There are 2 protein chains.
Amino acid sequence: MTDWTSHTARARNWFETLRDNICAEFEAIEAEAGSNARFDYIEWDRDTDDASDGGGGVRGAMKGKVFEKVGVNVSTVSGAFSPEFAKTIHGADEDPTFTATGISLVAHMANPHVPAVHMNTRFLTTGKAWFGGGADLNPPLPYEEDTQAFHAAFRATCSKHNPTYYDRFSKWADEYFFIPHRNVARGVGGIFYDHLECDDEDAWDRNFAFTQDVGSTFLDIFPKLVRKRMHMPFSEAEKTQQREWRGRYVEFNLVYDRGTLFGLKTGGNIDAILMSLPPDVTWS
Amino acid sequence: MTDWTSHTARARNWFETLRDNICAEFEAIEAEAGSNARFDYIEWDRDTDDASDGGGGVRGAMKGKVFEKVGVNVSTVSGAFSPEFAKTIHGADEDPTFTATGISLVAHMANPHVPAVHMNTRFLTTGKAWFGGGADLNPPLPYEEDTQAFHAAFRATCSKHNPTYYDRFSKWADEYFFIPHRNVARGVGGIFYDHLECDDEDAWDRNFAFTQDVGSTFLDIFPKLVRKRMHMPFSEAEKTQQREWRGRYVEFNLVYDRGTLFGLKTGGNIDAILMSLPPDVTWS
């Protein structure tokens, strides 16, 4: 079996660099809105009974004038899955030990005209090694042109790497970010990908390059959408609509989201796992 | 196999009578607070592809001055479980057809000094027939004397029926209303019971009488606690504490609650299933 230690370290370094760049950009947006909000960073260790398990992460969180609540978590964990959970994880039937490094970001915005957003990319190793990730836009009050711009950015990035990626990964996002019990989409989609297998060094290089580009594309397109909408006036009725819309977001994350489940089952940090949950939600 | 049709009808009549009495009492409390809030009732039919499946219910909801949001649902449904889901349901491996009738109530209160509450009792038939139910108190700002009074009321009721009930059922509530990922209890407990088997007519009579007393006990004790606390002044900080506490309640209901899962898996009415979710929630 390949030793993925140095690859995991390289992926982790990238996720941390991406985090730093995103946080700097989000803080710049706050400054433009006349706020001096800054990210707070909290380190956490993985809570585990087994000394051979380990790792942890850093959770960045900011509450600002534009970003009502944004969390960015970079975590790098390792250990062994329980036999029962291993059955549900790609490649873990061959080897229940795992490493996982990734960045996860969720932003809930003060202005209901500004879309909420989620972005996550990750590198996992079990008996197999693969990248996964994605980004999806979650506007309480959708604008078709924002949806188009978000998709166009990821379409361009996907096309640079593989002609089939955008079609496959945007369809995957539509299927994944869906709330069956309400029969509605969580948002307006984006891309979702998983199991980009790293069978050899070349495959790793390709998949890592793609994953880096997904992060960079997010960093390019999302701030544009924020700056376009952040000064729009909004009514109390629109804010209420946002609060109710956020309820659907909570339902998806707590009932269906695999990342949330993964975190809860592997002794992740609760505050980091549930940082995705919005402030100020209403179920009418 | 016993034909449980008439028993189901008797149980349903009781649940509807209990609902009427509870709603009248809650409206009386609103009137005492100078509000003319009343319950709205919405009928719903079970959404199903299979014509042999059926049933539905009536969802009562009120938003008042004392009751920020209260829902009372009486539903009576029947059909056949999917083979996969049948494995998880008591007695459904013998016979996947089922009937279920029950009352479910959740009250989220405007004043954070007033406890939120949940009460549910039900009669189910599969290859077996049984009663289940319970009630638990969920104070954002707990008062030991309220907790004691709530437990004392159910202890007395349990003792009238079976000397082992209170110990078993209050322990069961502690185990059931627990949030593993936070390692905290959802509230301050109460009672929870399930699979009170009806092997013969006598057992049915006994279990029905107990279930009726559980409902009546709720109707007696909860309004007392409400009237005791509803006029207490509270601060914005206490209201914020309540909103954050409600987040834990949402986490429990969406991640762990069997009733929610049962509803989502059996084509229940989404608004009725999720009426338990609080208004105005915060994840900080």
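Below, chain A is the first sequence line, B the second, and so on; all start at residue 1. If you're wondering where the values come from, they're calculated on a predicted model, not measured in any experiment.
- Side-chain contact between B:R182 and A:L274 is present, with heavy atoms from C-beta onward closer than 4.5 Å.
- No other option in A:T282, A:D280, A:N253 has as many heavy-atom pairs under 4.5 Å with chain B as A:D280.
- Contact residues of residues 56-71 of chain B toward chain A are B:K63, B:K69 (heavy-atom distance under 4.5 Å).
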Decide side-chain contact (heavy atoms from CB on, under 4.5 Å) for B:L277 and A:E251; before the verdict, give the C-alpha distance in whole Å, the side-chain angles of both, and the deciding distance to 0.1 Å.
-> CA-CA 10 Å; B:L277 298 181; A:E251 291 171 23; 4.3 Å; yes

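- Each of B:L254, B:V255, B:T260 was checked for a side-chain contact (heavy atoms from CB on, under 4.5 Å) with A:V255, and the lone residue meeting it is B:L254.
- Of all the listed residues (A:R246, A:M275, A:H181), the one sharing the greatest number of non-hydrogen pairs under 4.5 Å with chain B is A:H181.
- For A:D271, the part lying near chain B is the side chain, with the backbone staying farther off; criterion is any non-hydrogen pair under 4.5 Å.
- Residues B:W283 and A:V250 are in side-chain contact: their nearest non-hydrogen atoms beyond the backbone lie under 4.5 Å apart.
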